[in-house]
2 protein chains.
Amino acid sequence: MPPKKNGDLSLPEPVVERLPLYQRILTQLIRQGSSTVSSEQLAELAGLSAAMVRKDFSLLGPMGTRGSGYEVDYLLSHLDRILGTGKSWPVVIAGVGRLARALVGNRNFSGRGFRLIGAVDSKVNVIGTELAGLTVASYETIADSLAEVPSIGVITTPPETAQLATDTLVALGVRSLLNFAPSIIEAPKEIAVRYVDLSMELQILSYYASQPEGDLTTARLGTGGIQPLRDRWPASAKGPTPTP
Amino acid sequence: MPPKKNGDLSLPEPVVERLPLYQRILTQLIRQGSSTVSSEQLAELAGLSAAMVRKDFSLLGPMGTRGSGYEVDYLLSHLDRILGTGKSWPVVIAGVGRLARALVGNRNFSGRGFRLIGAVDSKVNVIGTELAGLTVASYETIADSLAEVPSIGVITTPPETAQLATDTLVALGVRSLLNFAPSIIEAPKEIAVRYVDLSMELQILSYYASQPEGDLTTARLGTGGIQPLRDRWPASAKGPTPTP
DNA sequence: ATTTGTGAACATCTTCACAGCA
DNA sequence: TGCTGTGAAGATGTTCACAAAT
């Protein structure tokens, strides 16, 4: 009787977008030797309010201890489980250009449980070349070249090819897509799609660059988000903001 | 008497994040020869509701004509002005690795009014090399190597160097920052900062990949956002969704 | 007749403030 | 006492529904 597997917690998107941030901060805290942390400290490090940190964690169940805060280990292991960290997700990338090569070479890719199991391209001079030890397949042959169903598809094609890439990746069985191509893609609604769009980001920034001056304090933090309120993470190794 | 220059309209961030999307769609429509478009058609193409499209545009002033819709040219030129498109923004990039090279080689970078005027790195074997025709400077020499104050800074350093990059770029006078490094950076609050974080995006997707199945219809569209509602952009050249 | 522009209703997200527990 | 967990309040964002304009 498997009544409720506990990876299946459904969280609001804004919360999901903050979890990796918490995860990163907690990992740093562990490396620094902290064993507990308060919502206030975490909020400071994340650039959020303490209330929001508590609300977020409260959605995951009772995570902390009243009076003394959150146990870093425990909290982190929970986040890891919810985010599926350490699960070695099989990834297929469509569109093998400079961006693809930069991404798979990135330590955050291979170093964090994402395993490239396939690469596709449509250009004949790219098909057959190597990417991170794999041979780049064509759109016709990719399905046969995989030994495993991929979970995540990454699209780094030109915009014209993005829909073909989407359809192909969906047919391969991916559950979620990360689209770097500057075009809107059509995918079944049960597939999670996220857009990362350089040109849009630059355009958003050029809006803010042309704004008169004033505060940006209205804004939120997110994957793309404007710098929030007060002072931020002391990125140099200074310890977790010793509140005096 | 310059009482109110009209680039200084202050818009809610969600709206700002949608404007580049509208801009892109309108550009496509022009290429396809459409001269007017209704909020409903636009909504379909953008994957949004017609009401939201109208609300967004209404914030820019009276943009449309009742009974016949929006004139594509007019609307687009407005968006271009608000977003500062065509202004040739001077950009400095910090951290010259594979990602930096992929970004500046991208047609959305150079092709859309972003002009690389400087590149910095801390590694001796990178300093002095070329990037898009520029010689990579060191953090000590970058200030003197620029002929112009940059508007936008792009950070593609490893996380350890992100704060140094931030401080340096801010000192150079940038108004906004695009941070690809997986770390939170501390910048004066009048600087707009946006984060683009591959590892966070992948982690968010791995959360959705481990979700049971069900709809993702709760979600929003954004720079990073989950696929919204119904059917989407027909990416192939099929004309703007001929409503029967 | 058609489609914008918008106040009001609704939904969602964040903060407040404090009860509950260690 | 100190800090979490949470209902209620507040802020922000989206949709509804219709009046106004052509």
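Computed from a predicted model, the values in this text were never measured in an experiment. What you see below is based on every heavy atom in this structure, not just the backbone, and it leaves out hydrogens, waters and symmetry mates.
Between the CD atom of A:Q41 and the P atom of D:dC3 there is a distance of 9 Å, given to the nearest Å. Rounded to whole Å, atom P of D:dT12 lies 16 Å from atom CD of B:E17. C:dT14 atom P lies 8 Å from atom CG of A:D56, rounded to whole Å. For A:L48 and C:dT15, the CG to P distance is 8 Å, given to the nearest whole Å. Rounded to an integer number of Å, the gap from B:F57 CZ to C:dT3 C1' is 14 Å. Put simply, CE on A:M52 is 16 Å from P on D:dG5, counting in whole angstrom units. For the pair B:L59 CG and D:dT15 P, the interatomic distance rounds to 14 Å; values are reported in whole Å. The CZ atom of B:R18 sits 12 Å away from the C1' atom of D:dT12 (whole-angstrom rounding).
Formation of a donor-acceptor pair under 3.5 Å by the B:T156 side chain with backbone atoms of B:A94 is found in this model.
Here A:K87 does not pair with A:D80 in a salt bridge; the nearest charged N to carboxylate O distance is not below 4.0 Å. Ionic pairing of A:E17 and A:R194 is present here: one or more N-O contacts between side-chain nitrogen and carboxylate oxygen are shorter than 4.0 angstrom.
Contact check for B:V16 versus A:Y208: side-chain heavy atoms found under the 4.5 Å cut-off. At a threshold of 4.5 Å between non-hydrogen side-chain atoms, the residues A:V15 and A:R18 count as touching.
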Across nucleotides 16-22 of chain C, 5' to 3', mark each nucleotide with B, S or - according to how protein heavy atoms within less than 4.0 Å reach it.
BB-BBBS
Could you tabulate the donor-acceptor pairs under 3.5 Å formed by side-chain atoms of residues 59-71 of chain B, not counting sequence neighbours?
none

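A close approach under 4.0 Å does not occur between any side-chain nitrogen or oxygen of B:Y70 and OP1 or OP2 of C:dT2.
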